[in-house]
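See structure below.
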Amino acid sequence: MNLPKIVVLTGAGISAESGIKTFRDQNGLWENHSIEEVATYEAYIKNPELVHQFYNARREQLLSDQVKPNPAHHALKKLYDALGDDHFFLVTQNIDDLHDRVDTPCVHMHGELLKVRCENCSEIYEHHAHLYVETPCSQCAQPGQLRPHVVWFGEIPLQMDYIYDQLATADIFLSIGTSGLVYPAAQFVQEAKRVGGAKCIELNREHTPRSIDFDQSIQGLAGDTVPQWVDQFIQEQGI
């Protein structure tokens, strides 16, 4: 069976329906702090206590009983199971583990909230508890060297070459729950079209500034639109 290759990009919109706050209010503040105070490497160097406090709160929320994968996450797992590794690739802008909880392989281009990285030995490992300045690295035992394994503003997202290689082979590019304003992910639709000639489809709660770049734009909650799209696609493909 000649199945199409689907590349999926997910953003904050898919996680919001699982109970994860965006942390950014209408004034652009994150928990009453500016991005420059809590989400840059310079902020981490200047005030690591505040940065750790901010991410401890996000980690605690992610691990709460109220947060769990929603129907959109389960639908993408269904799509992956139908297509397999050769015809499905998922990259997420989200730093939560909701795709992982339903066993859908994905690339976390902005890192993972439930992991830490040591500035001293470069080791990356799982860490679910609160993180403090004095927390020692479990590998090299050095205190004061652990940071959240997340990509802060001004840093280069992870595995970009691999992501662009996948976009170049896409027959369908599916963008879910992302505003299309954050680079480099904002360029993925043009990249998928330019290199691979992919059909580009946007599933979002509302129109975005990037909607005009897509061949099809579908509005609605991800928990509704993604299962519907996946079921229709699987039926059409006869898989």
Side-chain angles (χ1 to χ4, degrees), residues 4-31 34-35 39 67 69-80 83 88-96 98-99 104 106-110 151 153 157 160 163-164 166-237:
K5 166 73 172 288
I6 297 183
V7 172
V8 182
L9 170 68
T10 61
I14 195 172
S15 294
E17 293 175 43
S18 289
I20 294 181
K21 294 190 299 182
T22 62
F23 283 83
R24 185 185 300 190
D25 64 22
Q26 61 184 357
N27 296 316
L29 296 179
W30 289 22
E31 296 288 272
S34 69
I35 288 172
V67 173
N70 64 59
H73 295 101
H74 289 285
L76 290 177
K77 166 63 171 172
K78 182 178 181 179
L79 183 61
Y80 166 68
L83 292 174
F88 178 93
F89 176 77
L90 171 62
V91 54
T92 185
Q93 295 173 283
N94 302 327
I95 60 175
D96 60 61
L98 297 178
H99 289 301
T104 309
C106 70
V107 169
H108 291 268
M109 64 180 293
H110 291 158
V151 175
F153 288 89
M160 290 307 300
I163 294 168
Y164 281 124
Q166 296 295 318
L167 288 168
T169 62
D171 297 303
I172 298 173
F173 173 65
L174 198 61
S175 176
I176 301 169
T178 175
S179 66
L181 297 177
V182 178
Y183 286 86
Q187 297 174 316
F188 287 177
V189 57
Q190 289 96 337
E191 191 72 12
K193 277 189 171 184
R194 182 182 67 84
V195 181
K199 178 179 180 180
C200 297
I201 302 167
E202 176 188 54
L203 303 178
N204 218 329
R205 189 165 186 168
E206 55 193 18
H207 279 288
T208 72
R210 289 288 174 187
S211 295
I212 193 172
D213 297 325
F214 288 86
D215 300 297
Q216 184 179 9
S217 182
I218 301 170
Q219 281 73 55
L221 294 174
D224 297 327
T225 60
V226 178
Q228 291 168 5
W229 190 90
V230 168
D231 286 345
Q232 181 179 346
F233 171 82
I234 289 176
Q235 183 178 10
E236 291 174 352
Q237 297 295 320

Pair I163, V107 - check side-chain contact (heavy atoms from CB on, under 4.5 Å), show working. CA-CA 8 Å; I163 294 168; V107 169; 4.1 Å; yes
Parallel, tilted or perpendicular: which fits the ring planes of F214 and F173, with parallel below 30° and perpendicular above 60°? parallel
Quick one: pull up SG in C200 and CG in L167 and give me the separation to the nearest 0.5 Å. 9.0 Å
Does a side chain donor of either E206 or T208 reach within less than 3.5 Å of an acceptor in the other side chain? no
H110 side-chain N/O to Q93 backbone N/O, donor-acceptor pair under 3.5 Å: yes
Euclidean distance, L76 CG relative to I14 CD1, rounded to 0.5 Å: 5.0 Å
So, for P71 and G223, which heavy atoms are closest and what is the spacing to 0.1 Å? CB-O, 3.6 Å
Shortest non-hydrogen contact between M160 and P184, atoms and distance: CE-CG, 3.5 Å
Walk me through whether K78 and I234 qualify under side-chain contact (heavy atoms from CB on, under 4.5 Å). CA-CA 9 Å; K78 182 178 181 179; I234 289 176; 4.0 Å; yes
To the closest 0.5 Å, what do you measure between CZ (F89) and OG1 (T169)? 9.0 Å
Salt bridge present between D213 and K193 (N-O < 4.0 angstrom): no
Strictly by modelled atom types, are T10 and H99 linked by a side-chain donor-acceptor pair under 3.5 Å? yes
State, to 0.1 Å, how close S217 and Q219 come at their nearest heavy-atom pair, and which atoms those are. OG-NE2, 2.7 Å
Quick check: are there more than 12 heavy atoms from other residues, nucleotides or ligands sitting under 6.0 Å from NZ of K5? yes
Would I6 and F233 satisfy side-chain contact (heavy atoms from CB on, under 4.5 Å), going step by step from the backbone distance to the final call? CA-CA 11 Å; I6 297 183; F233 171 82; 3.6 Å; yes
Pairwise distance OH(Y80) to SG(C106) - rounded to 0.5 angstrom: 11.0 Å
Heavy-atom closest contact (A198 atom, D215 atom, distance): O-OD2, 3.9 Å
Less than 4.5 Å apart, side chain to side chain, heavy atoms only: is that true for Y164 and Q187? yes
Check whether N204 reaches the backbone of T178 with its side chain - one donor and one acceptor, N or O, closer than 3.5 Å. yes
Residues E202 and S175: side-chain donor-acceptor under 3.5 angstrom: no
Measure the spacing between CD1 of I201 and CG of L203 and express it to the nearest 0.5 Å. 7.0 Å
Q228-Q232 side chain donor-acceptor pair, cut-off 3.5 Å: no
If you measure only the distance, is there a donor-acceptor pair under 3.5 Å linking the side chains of K77 and T104? no
Stepwise side-chain contact (heavy atoms from CB on, under 4.5 Å) test for V226 and H74: CA-CA 9 Å; V226 178; H74 289 285; over 6 Å; no
If you measure from CG on L174 to CH2 on W229, what distance do you get to the nearest 0.5 Å? 5.0 Å
Out of the candidates N94, N70, D96, only one should pair with S18 under the side chain to side chain donor-acceptor pair (under 3.5 Å) rule; please name it. N70
Heavy-atom closest pair (S179 atom, R210 atom, distance to 0.1 Å) is O-CG, 4.4 Å
Correct closest heavy-atom pair for V195 and A168 would be CG1-CB, 3.4 Å
Okay, side chain of T225, backbone of L221: is any donor-acceptor separation there less than 3.5 Å? yes
